[in-house]
2 protein chains.
Amino acid sequence: MNYSVSEENYIKSIFHLQKKEGTVTTNELAAELKTRPASVTDMMKKLKTKKLLHYQPYKGFRLTADGTRVALGIIRRHRLWEFFLAEKLKFTWDEVHEVAEELEHVSNKKLIDKLDAYLGFPKNDPHGDPIPDANGKIDPGKKIRLPDVPLQTLCTVAGVRNQSAELLELLENKKIKIGTRIEVRKKFEFDQSMEIKTGKQSINTISHQLAENILITYDAG
Amino acid sequence: MNYSVSEENYIKSIFHLQKKEGTVTTNELAAELKTRPASVTDMMKKLKTKKLLHYQPYKGFRLTADGTRVALGIIRRHRLWEFFLAEKLKFTWDEVHEVAEELEHVSNKKLIDKLDAYLGFPKNDPHGDPIPDANGKIDPGKKIRLPDVPLQTLCTVAGVRNQSAELLELLENKKIKIGTRIEVRKKFEFDQSMEIKTGKQSINTISHQLAENILITYDAG
DNA sequence: CGAATGATTTAGATTTGGCTAAATAATTTT
DNA sequence: AAAATTATTTAGCCAAATCTAAATCATTCG
């Protein structure tokens, strides 16, 4: 139930990286944490035994539901402290991150919940990022249809507009499901089809009819 | 310039123990920190090389001026957070200590000075203990004459009421100087002489004339 | 396809803080 | 003053989190 500063930093980094990539590699994480790949492997084994991680050697990793819950707790603490530092202590918005990096590891739940109340249950930190509530829920952004997403912007599949077997079959074929990270690379004027990148690398072309039935949000958390 | 959580806890405990005893022993410190004497010895060696401690093997230890400065910084952080928790987050006074134990190790100076300002530069924490200012100074209690001190109460010699060679000779003989910890054990009605304990163990009898010329404070910090 | 390249893991060392057991110093008792 | 007791230190281990170097797996390119 309680994690070391080091474990928390790993969990947090994995959370942020997998938001961008879906799955995280050893080298990516080592670069992010300014440590060595060998150290990452050691920690991954440890986090796997704690059931916070899906991890197969050589295959990258992603957080389990438990891991995600832990990550959201850390992010909640970080962003609440950022809000406090900016709002109450008059730090400028570019100073808050560094200080919050230290404060976020104080994980007393009562402290954080009381801080939240004291601050008036803010929805966003000074950088505009959403603050998870005491249950780890992030106020979901509005769902919008894929054709309305700007180019080169990362977003996450949040739902579909109908449940027909035909649509689901197509989605399955294209490996698109709830939670898949999508970036629109090109929109073709001729037929309104679009080229999208899903997950880490696969490039796909989808029709306008399909795109219209895919709902996304910008911040799945 | 930056110390580990473990080092800080040792420094803080030594500070508090030596306030009571003048000098601190290995076993005392081990009991206080719920660790083993052997671990204490290891840490003492380390803190000595960092010049925070006066330490001769088998002879106990006390903080150097540097060590005291560090200790006051930790205590400042602890007590400011306690004040914040009670005053702003509505923790009860008996809950604040435990949470402040964690927050005190976040040692960003700007954070603490801004917190101090935000709180209105409080002089005492919710337990009534004095909060050192940004320079490590504690608002000194009033100096009072030794005969006015209640029995069995620890206090610290803060000055004398005259500078005569005769008085200084006597003080030297009784090993009483500025900073000496004193506790009054008995007061004899007959001649108003008193029995005092100085430092760790030595018991002394001093005359009323002498006692009247010794000034003390309750909290030397 | 198979070799080269790059990513990842294994093996072994280091640092920090802690532990136990044994040795030694200091103090107290007889 | 010698013996017994208590306090303290030394010696040798352990675990966490890191590192470097070497080995191994996976992929890509000629």
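What's counted below: heavy atoms across the whole structure, side chains too, no hydrogens, waters or symmetry copies. Every chain is numbered from 1 and lettered A, B, ... according to where its sequence line falls, protein lines coming before strand lines.
- Among pairs with a residue in residues 47-60 of chain A, those fulfilling salt bridge (Lys or Arg N to Asp or Glu O under 4.0 Å) read Glu7(A)-Lys50(A), at least two apart in sequence or across chains.
- Under a cutoff of 6.0 Å and an axis angle of 45°, Lys45(A) and Tyr55(A) do not form a cation-pi pair.
- Under 3.5 Å, the side chains of His127(A) and His97(A) contain no donor-acceptor pair of N or O atoms.
- Lys109(B) has no carboxylate O lying under 4.0 Å from a charged side-chain N of Asp116(B), or vice versa, which leaves the two without a salt bridge.
- Qualifying side-chain hydrogen bond (donor to acceptor under 3.5 Å, both in side chains) partners for Lys110(B), counting only residues two or more places apart in sequence or in other chains: Glu95(A).
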Shorter than 3.5 Å, N or O on both sides, protein versus nucleotides 4-7 of chain C: list them out with atom names.
none

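- Applying side-chain contact (heavy atoms from CB on, under 4.5 Å) to Phe61(A) and the options Thr26(A), Leu47(A), Thr23(A), Thr25(A) leaves one that passes, Thr26(A).
- Phosphate contact (OP1/OP2 of dT8(C), side-chain N/O of Tyr55(A), threshold under 4.0 Å): absent.
- Both Lys45(B) and Glu7(A) lie near DNA chain D, and the one whose nearest nucleotide falls closer to the 5' end is Lys45(B).
- For the contact set between residues 34-44 of chain A and DNA chain D, defined by any heavy atom under 4.0 Å, the members are Thr35(A), Arg36(A), Ala38(A), Ser39(A), Asp42(A).
- A donor-acceptor contact closer than 3.5 angstrom links the side chains of Thr92(A) and Asp94(A).
- Checking the phosphate oxygens (OP1, OP2) of dG18(C), a side-chain nitrogen or oxygen of Tyr10(B) falls inside 4.0 Å.
- The nearest whole Å value for the distance from the CD atom in Gln56(B) to the P atom in dT8(D) is 15 Å.
- In this view, Phe84(A) and Trp81(A), Phe84(B) satisfy the ring-ring contact (aromatic ring centres under 6.0 Å, His included) rule, not counting sequence neighbours.
- Residue Pro147(A) comes nearest to Met194(A) through the heavy atom pair CA-CE, 3.8 Å, listed as atom of the first residue, atom of the second, then distance.
- When each of Lys12(B), Glu104(B), Glu8(B) is paired with His78(B), the side-chain hydrogen bond (donor to acceptor under 3.5 Å, both in side chains) condition holds for Glu104(B) and for no other.
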Please list, for nucleotides 2-4 of chain D, all pairs of protein and nucleotide N/O atoms separated by less than 3.5 Å.
none

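- The nearest whole Å value for the distance from the CG atom in Leu47(A) to the C1' atom in dT9(C) is 16 Å.
- Counted by atom type alone, Thr64(A) and Asp66(A) present zero donor-acceptor pairs between their side chains at under 3.5 Å.
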